[in-house]
Amino acid sequence: MGIKAALDAHGLRPQKKWGQNFLTDARILESIADTAEVTRDDNILEIGPGLGHLTRVLARRAGRVTAVEIDRDLATRLSAEFAETPSVKIIHGDILAFDPSELIGAGHDPALAAIPYKIVANLPYYITSAILRHILQAAHKPRLVVVMVQREVAQRMTAQPPAMSRLAVSVQFFARARIARTISAGAFYPRPQVDSAVVRLDVFDPPPLAADDTERFFEIVRAGFGERRKQLRNSLARGLSLDPDAAAAALARARIQPTRRAETLTLEEWRALYHELARPSVRGTPA
Ligand code: SAM
């Protein structure tokens with residue numbers, strides 16, 4: 001049955017507000033599972049299972065699947081479908097309201113909350129960045145993330161200097177990122193406005209910085225990108241309430257020309273800058 005017919009049969013309509021663009025092409029669904037290298041040893045968290053097309057592929061291959069769906073009607077329908085499948089748990093709720101690692105244990109053995117897991121999803125596009133931040137900044141991070149996102153977002157996530165963005169730094173700080181394949185808009189129902197891409201993130205373990213330091217690192221990145229196309233000396237001074245000379249001095253110590261723009265910095269340069277700006281003598285100096 002096609003997606004439209006399946007939806008009609010259950011009196012359901014795709015909810016635009018929740019980014020419901022369903023995917024049924026079996027080859028694409030299998031290729032997403034291939035990209036995630038899903039095996040029986042895997043504990044998978046799926047975000048937004050929708051009508052369950054990807055969930056079924058994952059359930060066939062993985063040891064365990066936990067899927068979180070915000071749409072009560074769809075979650076109820078899927079829960080009934082998988083009621084007799086103990087390896088699959090459907091949870092109704094907003095992914096942003098849960099700690100991903102707790103979900104992995106939910107309904108299964110709580111000890112699972114500590115074991116490695118993968119996230120595989122055809123993401124709702126209206127909250128892609130928030131979901132990426134949420135899962136990459138979780139205390140217990142997934143070791144692999146394979147997600148469908150808008151193609152343009154995939155390009156921004158995997159961008160390199162001199163075309164970095166805050167999103168590129170936020171993702172590449174935590175993971176090695178690559179585009180596995182692009183998918184045309186016609187593969188979805190309803191058809192979205194834009195093409196999509198499958199992105200694979202191999203998450204660094206251990207994470208590059210401890211949690212407190214990560215917060216400061218992103219304060220600096222936010223400040224750097226705060227004023228588009230401005231020289232870093234100025235955007236850092238303004239964003240971090242620093243004297244411009246102190247910002248320029250920190251940049252010089254990190255061996256970064258103060259006149260460069262945030263888009264041109266490598267991850268190594270951001271880290272070097274963080275180490276200079278995290279010093280107690282530099283933090284919080286009034287402008
Ligand atoms: N996995 C299905 C597929 O590939 O056909 C559906 C993908 S659709 C692009 C995104 C799904 O995420 C929808 O089912 C939507 O209801 C769900 N969703 C949207 N926002 C969510 C949230 N905050 N938490 C959990 N699920 C969400």
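We count ligands from 1, going down the list as the structure has it; atoms in each ligand are counted the same way.
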Task: Qualifying ring-ring contact (aromatic ring centres under 6.0 Å, His included) pairs, either residue in residues 223-262, two or more places apart - done: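 Qualifying pairs: Phe225-Trp270.
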Open item on the list: Would you say Gln20 and Asp71 are linked by a side-chain donor-acceptor pair, where the criterion is simply a distance under 3.5 Å?
Closed with: yes
Open item on the list: Distance check, rounded to the nearest 0.5 Å: Asp99 atom CG versus His134 atom NE2?
Closed with: 6.5 Å
Task: Between CG on residue Leu74 and OG on residue Ser79, distance to nearest 0.5 Å - done: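 Rounded to the nearest 0.5 Å, the CG-OG separation comes to 10.5 Å.
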What are the distances between nitrogen or oxygen atoms of ligand 1 and protein nitrogen or oxygen atoms, counting only those under 3.5 Å?
{"unit_1": "ligand 1", "atom_1": "1 (N)", "unit_2": "Gly48", "atom_2": "O", "d": "2.8"}
{"unit_1": "ligand 1", "atom_1": "1 (N)", "unit_2": "Pro49", "atom_2": "O", "d": "3.4"}
{"unit_1": "ligand 1", "atom_1": "4 (O)", "unit_2": "Asn122", "atom_2": "ND2", "d": "2.8"}
{"unit_1": "ligand 1", "atom_1": "5 (O)", "unit_2": "Leu23", "atom_2": "N", "d": "2.9"}
{"unit_1": "ligand 1", "atom_1": "14 (O)", "unit_2": "Gly50", "atom_2": "N", "d": "3.4"}
{"unit_1": "ligand 1", "atom_1": "14 (O)", "unit_2": "Glu69", "atom_2": "OE1", "d": "2.8"}
{"unit_1": "ligand 1", "atom_1": "14 (O)", "unit_2": "Glu69", "atom_2": "OE2", "d": "3.4"}
{"unit_1": "ligand 1", "atom_1": "16 (O)", "unit_2": "Gln20", "atom_2": "NE2", "d": "2.9"}
{"unit_1": "ligand 1", "atom_1": "16 (O)", "unit_2": "Glu69", "atom_2": "OE2", "d": "2.5"}
{"unit_1": "ligand 1", "atom_1": "20 (N)", "unit_2": "Tyr126", "atom_2": "OH", "d": "2.9"}
{"unit_1": "ligand 1", "atom_1": "23 (N)", "unit_2": "Asp94", "atom_2": "OD1", "d": "2.8"}
{"unit_1": "ligand 1", "atom_1": "24 (N)", "unit_2": "Ile95", "atom_2": "N", "d": "3.0"}
{"unit_1": "ligand 1", "atom_1": "26 (N)", "unit_2": "Ile70", "atom_2": "N", "d": "3.3"}

- [ ] For Ala272, check side-chain contact (heavy atoms from CB on, under 4.5 Å) against everything at least two apart and list the hits.
- [x]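 Only Ala254 meet the side-chain contact (heavy atoms from CB on, under 4.5 Å) criterion with Ala272.
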Open item on the list: My understanding is that only residues two or more places apart in sequence, or in another chain, count here; which of them pass ring-ring contact (aromatic ring centres under 6.0 Å, His included) with Phe173?
Closed with: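 Phe173 satisfies ring-ring contact (aromatic ring centres under 6.0 Å, His included) with Phe217, Phe218 once adjacent residues are dropped.
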